[in-house]
Colleague: 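Questions regarding the structure given below will be posed in turn.
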Amino acid sequence: MAKNLLIVESPAKAKTIEGYLGSDFLVKSSYGHIRDLVKTDDAIDTENKFKQKYEVPSDKKAVVSELKKLAKEAETVWLASDEDREGEAISWHLFDTLGLKEDKTKRIVFHEITKPAILKAIESPRKIDYNLVNAQQARRVLDRLVGFELSPVLWRKVKPSLSAGRVQSVAVRLIVERERDINKFNAEASFKIVAIFNTGKARESFKAELPQRFAKKDEAEKFLNDCIEAAYSVTNLEKKPAKRNPSAPFTTSTLQQEASRKLGYSVARTMQVAQRLYEAGHITYMRTDSVNLSDTAIQGAQDEILKAYGEKYHKKRQYKTKSSGAQEAHEAIRPTYFANHSISAEPSEVRLYELIWKRAIASQMSEAEFEKTVAKIAVSTRNEELTATGEIMKFDGFLKVYMESLDDDQDNTLDDDTDNTLLPPLEVGQSLNLTEMTATERFSRPPARFTEASLVKKLEELGIGRPSTYAPTISTIQNRGYVVKEDRDGKPRDYKVLTLSSGSVAEVTKTEMTGVERNKMFPTDIGVLVNDFLVEHFKGIVDFNFTAKVEREFDEIAQGNKEWTDMLENFYRPFHHEVEDTLENAERASHERELGVDPVSGKPVSVRVGRFGPLVQIGAQDDEEKPVFASLRKGQMIETITFEEAMELFKLPKKVGEFEEKEMTVAIGRFGPYIRHNSAFYSLPKGLDPLDVTQEQAIEIIKEKRQKDIEKIIRVFDENPEAQIENGRWGPFVRFGKQNLKIPKGTDVNAITYADVLKWAEEDPKAPKSKTAGKTTKSPSKKTGAKKTTAKKSSTKTATKKK
DNA sequence: CAGTGAGCGAGCTTCCGCTTGACTT
């Protein structure tokens with residue numbers, strides 16, 4: 001048996017480290033935390049120094065008993081969890097739960113998984129740092145108290161099953177407030193002047209712009225008119241060098257942002273793919289807030305850059321973290337081997353790997369060098385000067401491999417399409433010919449809505465949440481129904497363009513789409529309702545600086561300058577008082593709004609959140625005649641819907657006639673307007689107003705859809721017409737009655753036999769097999785099905801609950 | 001004795017951070 005048992009948090013890490021150490025060491029993983037507060041309300045005794053009740057959750061029982069056994073057999077147990085607050089607590093929980101002995105236990109730490117780093121760590125073991133452990137307990141207890149006292153307030157005052165917490169409630173607040181900022185934003189129009197000049201020589205035309213804009217069309221028109229007779233000349237030429245530095249290698253948050261911008265991945269997808277890369281040994285750990293690279297990594301990157309691009313492209317760089325809450329227990333995210341420019345894996349993994357490789361390599365490369373030229377151009381009839389800028393790259397440096405994308409909101413002042421292109425050779429005093437000049441009406445832009453990734457960025461800036469929780473938090477606030485991620489169509493908007501060419505000024509009106517959104521975060525009515533309630537009654541908790549404030553106190557605890565129970569005492573007493581006070585005195589939260597009076601019935605029209613979501617209602621609850629209801633549609637909210645929009649909702653669903661002796665109904669659903677006929681759904685073509693659909697049009701749409709469905713069928717099996725091969729959205733699949741079957745990779749579609757279909761149908765996990773057989777459980781909840789292996793545990797749990 | 005108001009029933013939901021599978025859709 002091994003003399004030494006070394007415990008780390010991640011099994012992939014354990015495997016790597018085992019390779020570095022000799023056979024004297026057995027390396028195992030705790031799979032993160034092994035203990036947590038019990039789920040019940042008595043987990044913390046607030047009257048008795050916040051004494052906690054911990055338990056080993058059922059899915060950790062096996063790990064704990066194995067570690068216990070191995071620890072007993074080992075001479076020395078090395079606790080090698082991460083070097084941060086949570087890691088220290090994991091070590092302490094292991095020490096306590098496994099029943100380790102003080103003299104047989106050593107605590108070690110390392111920030112990078114390299115052989116020298118580990119050997120060095122083993123040479124300098126220490127004891128568990130109980131100040132750090134206490135800081136973690138304070139964090140854990142505070143989060144539980146906040147979450148488990150606030151949530152029940154919401155159940156009572158808003159709706160059951162809702163949740164609130166230090167992190168999620170602030171995330172929702174950010175989205176709600178951004179939405180309000182956008183709603184109250186007034187776009188201001190101004191006219192932007194762009195001129196195209198030429199020097200008289202072929203292919204030597206370029207663009208210049210007036211730095212200032214005109215607020216009024218008249219002013220812009222006057223400028224263009226003044227320019228008809230004007231002469232133009234270069235008054236000033238300035239050339240200056242510019243440099244651009246590469247970004248630091250990825251952290252969890254920056255990886256999520258770039259994968260979102262460049263690859264269109266959700267934050268959850270990014271983490272899933274990164275996890276696979278990590279487990280396959282392609283990249284270092286993906287949950288990190290550090291931009292630091294190990295010495296071996298810096299050397300590895302240097303070797304690769306010298307080999308692939310030459311010395312001129314290399315520059316050794318050390319990065320420092322910007323976010324204050326960072327705990328830096330790991331390295332930055334980087335490829336394990338810089339020599340692998342790419343890997344062979346699933347396409348999603350390859351793309352993410354290449355992104356990580358490029359970013360890490362670029363971070364050790366030299367800066368890109370530019371020469372920027374700014375030319376000022378005088379207009380003889382006006383005082384203003386036009387500006388032309390050109391930029392040429394003198395040396396590409398890191399741009400040879402990597403160029404970071406910009407956020408939408410990094411350029412939100414005014415619509416802009418300044419492209420820095422090449423200028424022809426110019427001289428001061430040189431006169432220029434005007435090819436064309438335009439004055440285009442542009443509008444100031446509202447603040448950008450959050451994407452999942454830009455929300456993560458904001459949370460990180462505020463020090464809220466950790467790398468391991470960004471993705472789950474984003475999921476939670478969507479699962480609770482506080483926010484939705486969706487597309488919005490936007491509205492057309494007219495703008496004017498004045499053009500001066502061939503000596504006269506002409507005006508045209510053009511149309512652009514505004515407010516088009518893709519994959520953005522929008523608050524729901526329930527999200528707004530909960531947020532406003534929390535902001536009104538628990539301002540301190542949903543304050544953007546709350547986390548930063550308590551983090552400072554956690555740091556003091558970690559340094560041994562503060563008692564963790566004192567800190568909690570100071571926080572909890574007033575907080576709990578607010579909870580009690582709110583439960584007792586606060587009104588039920590409601591956002592009911594009266595919109596007006598229905599001209600037909602003379603009854604009031606109002607909007608509110610109902611059992612199944614936001615609704616409009618004509619008539620009052622206590623009327624003799626029952627009120628009429630309609631649900632709000634995608635994009636409509638209680639706060640902003642108008643009387644006219646609300647009344648429109650009652651016009652649908654609408655019958656549009658009969659076809660094949662069945663009624664046709666037009667309505668708007670989750671995916672847009674549709675016709676329902678004989679329990680089948682037919683989408684309306686874009687641009688057709690559902691209110692205008694005639695019987696003839698509806699029949700036409702149904703027939704067209706049927707025809708298209710027929711065209712999708714590749715083959716029908718002779719043995720059974722219910723079985724057919726169809727062309728689907730992602731390629732061919734087999735339709736077998738109500739089952740949709742995947743065709744296994746590499747199968748020749750033409751060679752599929754009916755026997756194959758029967759076999760696949762049998763193997764299909766979704767197959768509607770004999771469900772009723774054998775299952776006699778009284779509570780058919782999701783959990784009972786999922787936890788077959790832990791039947792024992794659930795029985796003990798119910799037993800403890802009874803007492 | 002009838003009507004009214006208050007309380008109870010009986011079980012559920014929920015936090016944040018650290019880790020992977022094992023599930024279903």
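Note that the structure is predicted; figures quoted are calculated from it, not measured.
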Colleague: Should Arg166(A) be listed as having a side-chain N or O under 4.0 Å from OP1 or OP2 of dG17(B)?
Modeller: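 For Arg166(A), the contact criterion (side-chain N or O under 4.0 Å from OP1 or OP2 of dG17(B)) is met.
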Colleague: State which residue, out of Val77(A), Leu79(A), Leu5(A), Leu67(A), fulfils the side-chain contact (heavy atoms from CB on, under 4.5 Å) condition with Leu98(A).
Modeller: Leu67(A)
Colleague: From the list dT14(B), dC18(B), dT20(B), which nucleotide is the closest neighbour of the side chain of Tyr278(A)?
Modeller: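 Selected nucleotide: dT20(B).
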Colleague: Is the base of dC15(B) stacked against the aromatic ring of Phe148(A), taking ring centres under 5.5 Å apart and planes under 30° as the test?
Modeller: no
Colleague: With the threshold set at 4.0 Å, does a side-chain nitrogen-carboxylate oxygen contact exist between Glu66(A) and Lys28(A)?
Modeller: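 The answer is yes: the pair qualifies as a salt bridge.
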Colleague: Looking only at side-chain N and O atoms, does Thr40(A) offer a donor or acceptor that is under 3.5 Å from a partner on Asp42(A)?
Modeller: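 The answer is yes; a qualifying pair exists.
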Colleague: Any ion pair linking Glu88(A) and Arg126(A) (charged N to carboxylate O, less than 4.0 Å)?
Modeller: yes
Colleague: Considering only dC18(B), dG17(B), dT20(B), which nucleotide approaches the side chain of Asp84(A) most closely?
Modeller: dC18(B)
Colleague: When all nucleic acid strands are considered with a 4.0 Å heavy-atom cut-off, which category describes Val146(A): base, sugar-phosphate, or nothing?
Modeller: nothing
Colleague: Rounded to whole angstrom units, what separation is found between the NZ atom of Lys39(A) and the C1' atom of dT14(B)?
Modeller: 10 Å
Colleague: Taking the cut-offs as 6.0 angstrom to the six-membered ring centre and 45 degrees off its axis, would you call Arg107(A) and Trp92(A) a cation-pi pair?
Modeller: no
Colleague: Considering just the side-chain nitrogens and oxygens of Arg480(A), establish if one lies under 4.0 Å of OP1 or OP2 belonging to dC15(B).
Modeller: yes
Colleague: Does anything in residues 467-476 of chain A reach DNA chain B, meaning a heavy atom under 4.0 Å, and if so which residues?
Modeller: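 Of all residues in residues 467-476 of chain A, the ones placing a heavy atom under 4.0 Å from DNA chain B are Ser468(A), Thr469(A), Thr476(A).
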Colleague: Classify the nucleic acid contact of Arg466(A) as base, sugar-phosphate or nothing, counting any heavy atom under 4.0 Å across all strands shown.
Modeller: sugar-phosphate
Colleague: Mind calculating the distance between CD (Gln137(A)) and P (dC18(B)) to the nearest angstrom?
Modeller: 15 Å
Colleague: Which is more 5' along DNA chain B, the nucleotide nearest Gly465(A) or the one nearest Ser151(A)? Just name the residue.
Modeller: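 Final value for this comparison: Ser151(A).
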Colleague: Expressed as a whole number of angstroms, how long is the span from Gln275(A):CD to dG21(B):P?
Modeller: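 To the nearest whole Å, that distance equals 8 Å.
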Colleague: Rounded to whole Å, please give me the gap between CG in Leu142(A) and C1' in dC15(B).
Modeller: 10 Å
Colleague: Going by an N to O cut-off under 4.0 Å, is there a salt bridge joining Lys13(A) and Asp82(A)?
Modeller: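 Asp82(A) and Lys13(A): salt-bridged.
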Colleague: Closer than 4.0 angstrom, basic N to acidic O: yes or no for Arg139(A) and Asp143(A)?
Modeller: yes
Colleague: Please tell me which of the listed nucleotides, dC16(B), dG21(B), dC18(B), lies nearest to the side chain of Glu9(A)?
Modeller: dC18(B)
Colleague: What's the NE2-P distance between His33(A) and dT20(B), to the nearest Å?
Modeller: 13 Å
Colleague: With a non-hydrogen cut-off below 4.0 angstrom, is Gln136(A) in contact with a base, only sugar-phosphate, or nothing?
Modeller: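 The answer is nothing, as Gln136(A) stays clear of every strand by at least 4.0 Å.
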Colleague: How would you label the contact of Gln168(A) with the nucleic acid (heavy atoms, under 4.0 Å): base, sugar-phosphate, or nothing?
Modeller: sugar-phosphate
Colleague: Nearest-Å distance, NZ (Lys60(A)) to P (dT20(B))?
Modeller: 10 Å
Colleague: Hey, which sits more toward the 5' end of DNA chain B by its nearest nucleotide, Gly165(A) or Pro11(A)?
Modeller: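 That would be Gly165(A).
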Colleague: Please list, by residue number, the residues of residues 152-163 of chain A whose heavy atoms come closer than 4.0 Å to an atom of DNA chain B; answer none if no residue qualifies.
Modeller: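 Within this stretch, Pro152(A), Trp155(A), Pro160(A), Ser161(A), Leu162(A), Ser163(A) sit under 4.0 Å of the strand.
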Colleague: Between the base of dC16(B) and the side chain of Arg139(A), is there a donor-acceptor distance below 3.5 Å?
Modeller: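 Present.
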Colleague: Do Glu460(A) and Tyr470(A) make a side-chain contact, defined as non-hydrogen atoms from C-beta onward lying under 4.5 Å apart?
Modeller: yes
Colleague: Are Asp36(A) and Lys60(A) ion-paired here, with the side-chain N under 4.0 Å from a carboxylate O?
Modeller: no
Colleague: Check Glu47(A) with Arg573(A), please: is the shortest side-chain N to carboxylate O separation under 4.0 Å?
Modeller: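 Yes, charged N to carboxylate O under 4.0 Å.
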Colleague: For the base of dC18(B), is there a side-chain donor-acceptor partner from Arg287(A) under 3.5 Å away?
Modeller: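 No pair found.
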Colleague: Would you indicate what Ala89(A) reaches in the nucleic acid, counting non-hydrogen atoms under 4.0 angstrom: base, sugar-phosphate, or nothing?
Modeller: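 The answer is nothing, as Ala89(A) stays clear of every strand by at least 4.0 Å.
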Colleague: Are Phe533(A) and His537(A) close enough that their ring centres sit under 6.0 Å apart?
Modeller: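 Yes, ring centres under 6.0 Å apart.
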Colleague: In whole angstrom, give the distance that lies between atom CZ of Phe538(A) and atom C1' of dT14(B).
Modeller: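 Distance, rounded to whole Å: 14 Å.
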Colleague: Could you give the CD1-to-P distance, from Ile90(A) to dG17(B), as a whole number of Å?
Modeller: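 Taking CD1 of Ile90(A) and P of dG17(B), I get 13 Å after rounding.
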Colleague: Which part of the nucleic acid, if any, lies within reach of Gly32(A) when heavy atoms closer than 4.0 Å are counted: base, sugar-phosphate only, or nothing?
Modeller: base
